[in-house]
Chemist: 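Shown below is the structure under consideration.
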Protein chains: 2
Amino acid sequence: MAGNGARGVRKTGPSIGDVARLAGVSAQTVSRVSTGREVVAPDTRERVLRAMEQLGYSPNRAARALRDGRYGSIGLLAHRFDRTGEALTTDAVLRAAEEQGYSVSLITVHDAESDKWEPAARRLADQTVDGLIIMRAEGGPGDSFAMRPSMPVAVSDSRPHGRFPRVASNEFGSAKDAVWHLLDLGHRTVHHLGGPEGSEPARLRAAGWRAALLEAGIAPPAPILGDWTADAGHALGRALAEDPDVTAVFCANDEMALGLILALHESGKRVPRDVSVIGYDGIALSRFSVPPLTTIQQDFPRIGAELVRMVLSQIGKPRPFEVADVVVPSELVVRGTTGPPPER
Amino acid sequence: MAGNGARGVRKTGPSIGDVARLAGVSAQTVSRVSTGREVVAPDTRERVLRAMEQLGYSPNRAARALRDGRYGSIGLLAHRFDRTGEALTTDAVLRAAEEQGYSVSLITVHDAESDKWEPAARRLADQTVDGLIIMRAEGGPGDSFAMRPSMPVAVSDSRPHGRFPRVASNEFGSAKDAVWHLLDLGHRTVHHLGGPEGSEPARLRAAGWRAALLEAGIAPPAPILGDWTADAGHALGRALAEDPDVTAVFCANDEMALGLILALHESGKRVPRDVSVIGYDGIALSRFSVPPLTTIQQDFPRIGAELVRMVLSQIGKPRPFEVADVVVPSELVVRGTTGPPPER
DNA sequence: CTGAAAGCGCTAACAG
DNA sequence: CTGTTAGCGCTTTCAG
């Protein structure tokens with residue numbers, strides 16, 4: 001037979017046609033049973049179900065996606081998924097997505113350098129997703145961020161480009177609250193153990209810290225910048241621990257705060273008697289450090305839910321989307337690592 | 001025109017045909033440029049690329065998946081993704097998968113009850129994945145676990161059903177090592193703060209604890225069972241903290257250990273002077289507790305990589321698969337929470 | 001209530 | 001080097 005084409009095509013498993021053949025009906029009838037969207041005679045239905053069972057049939061989702069023009073899946077993009085903030089947001093996104101019948105695909109961008117974002121975005125546009133959530137996009141996405149133009153996007157914790165709707169928490173205000181809490185306790189200044197350059201949350205938290213000090217008429221000391229890890233908090237914390245002027249430190253996240261606390265202990269300083277420490281995020285373990293950590297509690301479940309809502313609300317709608325940002329409140333939780341400064 | 005069919009079909013974006021039309025070539029030539037698997041004349045190539053750029057074309061993956069019979073994606077199934085162990089494994093799986101050109105789809109089973117596993121599995125068989133990794137499958141999958149028969153599966157930390165290849169760490173042996181470390185320090189017995197019933201890792205860790213005590217001729221005290229959270233460790237730890245016979249506790253994970261340590265502090269007990277504590281997992285924060293936690297360090301990156309390797313090695317191969325289990329070593333890391341028992 | 005046809009977008013094979 | 005053809009599996013429309 002000449003030019004019969006389509007050689008090399010691979011079959012996945014039993015198809016709707018196989019079931020139809022076995023049940024002695026047409027493929028459409030199998031489809032009707034499968035989707036349940038149309039009426040089928042009870043005995044026909046039975047026969048089809050038995051055939052499905054027997055063959056271990058399950059519908060081919062690629063075919064369905066091709067036909068429907070949608071995948072039923074959203075992509076979640078981040079540098080990594082093993083840090084607490086990302087893990088909590090991921091879990092929340094997953095739950096919210098599943099509630100809406102969507103699955104979640106993970107995509108990493110290995111490096112914070114913005115040149116690496118473009119290939120990632122290209123891979124992404126290729127991805128089998130109907131929408132995209134960009135989580136904690138440090139260093140990116142830059143303006144070169146190429147994206148399938150019709151792809152719905154929601155962004156968390158990133159620089160506003162005016163291009164994508166964002167979910168953010170009131171980091172600036174919460175950071176100010178944290179610093180004011182320390183000033184109200186009587187500290188003459190507050191040091192800052194910040195997040196890395198290029199990170200938008202790090203920038204906002206530092207800005208809030210600086211603003212509170214300036215409001216109080218205090219010249220902000222030079223901040224120390226870490227990479228969010230407890231390791232960095234510990235290593236950089238040594239310098240802070242040796243400095244007798246340091247009586248209060250506002251940290252950009254809980255992990256660094258916990259690293260700092262260990263460094264303080266190793267230097268013979270007591271928390272909070274000698275030095276007060278505040279973290280940021282409210283990770284589960286912050287409640288169980290010794291003493292329990294005073295921190296800014298973020299509402300990760302709500303952040304995840306809002307991100308999903310934002311992306312899904314864009315699907316099928318024509319651009320321009322409504323790009324209103326959503327602010328999810330976060331608030332200071334005073335626990336055991338903050339107190340008045342030591343008496344001179 | 002009669003019976004022309006296919007109404008209601010949705011287009012996703014610019015297709016290969018649109019590009020072909022604009023560039024004045026055939027669809028196949030566009031495909032050739034897109035895949036790069038065949039030679040195309042340089043000027044034709046240029047024209048096609050320009051057309052792609054202009055239309056914002058990116059290939060429709062559903063169509064490609066349908067044709068190729070593969071999705072380029074693996075599914076990762078768990079109860080939750082926000083706990084440290086899961087988050088670390090997830091991150092490792094993602095990296096390993098990406099290295100092999102696969103993306104990762106997350107699927108949750110909300111409840112540990114095994115009746116909930118079946119719908120999840122059904123959803124899964126439907127999923128656009130070429131293989132499946134089941135991570136920390138507490139309470140399941142039971143024998144009723146229905147699965148597309150040809151679906152490659154790898155399982156972590158679960159009961160061996162002899163049906164799926166597994167990646168496991170030597171939990172029994174490591175737990176024994178931990179308990180022997182405490183006995184060697186002079187403790188007369190070791191208590192156990194265990195994981196929930198129905199969890200295979202919890203069962204193995206408890207078994208190792210029991211075995212070590214029996215080897216030493218000590219009758220194991222009744223274990224206390226928690227749900228892996230620091231909260232549980234803290235709440236259940238109160239009883240342990242009040243019991244004067246308790247001088248050493250082996251905990252089934254780090255979070256519970258940290259909760260217990262806080263409870264001990266609140267009762268005025270010092271760690272390790274009054275009570276020694278060992279955790280399990282080696283989460284990042286275990287190094288930074290005060291004092292740093294003695295624990296069993298798991299090699300999460302390697303576990304993730306092995307899981308991916310196992311699943312991918314099955315793809316395209318006929319059953320029965322080689323179902324050899326892989327054991328990833330874990331080992332005791334002695335830090336600051338263990339010491340000799342207090343003198344009487 | 002059921003069957004036939006058609007096409008979503010892609011690419012392997014073949015024929016120029 | 002490029003075009004034609006066919007079909008992966010599914011579901012909507014139309015005709016019976």
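Note on naming: letters A, B, ... go to the chains in the order of the sequence lines (proteins, then strands), and numbering restarts at 1 for each one.
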Chemist: Output the rounded distance in Å from CG (A/Asp68) to P (D/dT13).
Modeler: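 Those two atoms, CG and P, are 12 Å apart.
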Chemist: Between C/dC1, D/dC10, C/dG9, which nucleotide has the shortest distance from any of its atoms to the side chain of A/Ala41?
Modeler: C/dC1
Chemist: Mind checking if B/Thr29 touches a base, just sugar-phosphate, or nothing, with heavy atoms under 4.0 Å?
Modeler: sugar-phosphate
Chemist: Does B/Arg37 reach a base, just sugar-phosphate, or nothing at all? Heavy atoms under 4.0 Å.
Modeler: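 Sugar-phosphate, no base atom in range.
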Chemist: B/Thr44 near the nucleic acid: base, sugar-phosphate alone, or nothing, with a heavy-atom cut-off under 4.0 Å?
Modeler: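 Sugar-phosphate only.
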Chemist: What I want to check is whether an N or O donor and acceptor connect the side chain of B/Gln28 with the base of D/dT5 at under 3.5 Å.
Modeler: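 Side chain to base: pair present.
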Chemist: Counting N and O atoms only, with roles assigned by atom type, does the side chain of B/Arg32 sit under 3.5 Å from a partner on the main chain of B/Glu38, one being a donor and the other an acceptor?
Modeler: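 Checked: no pair found.
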Chemist: Quick one: which of D/dG9, C/dG3, D/dT11 gets closest to the side chain of A/Ser26?
Modeler: C/dG3
Chemist: Which part of the nucleic acid does B/Thr35 contact within heavy-atom distance under 4.0 Å: base, sugar-phosphate only, or nothing?
Modeler: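 Here B/Thr35 touches the backbone only, sparing every base.
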Chemist: Starting at CZ of B/Arg67 and ending at C1' of C/dG9, how long is that distance when rounded to a whole Å?
Modeler: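 Rounded to whole Å, this separation is 11 Å.
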Chemist: Does a sphere of radius 6.0 Å around CZ in A/Arg80 hold more than 12 heavy atoms from other residues, nucleotides or ligands, not counting ones at 6.0 Å or beyond?
Modeler: yes
Chemist: On a plain distance test, is the side chain of B/Arg32 in donor-acceptor contact with the base of D/dG3 below 3.5 Å?
Modeler: yes
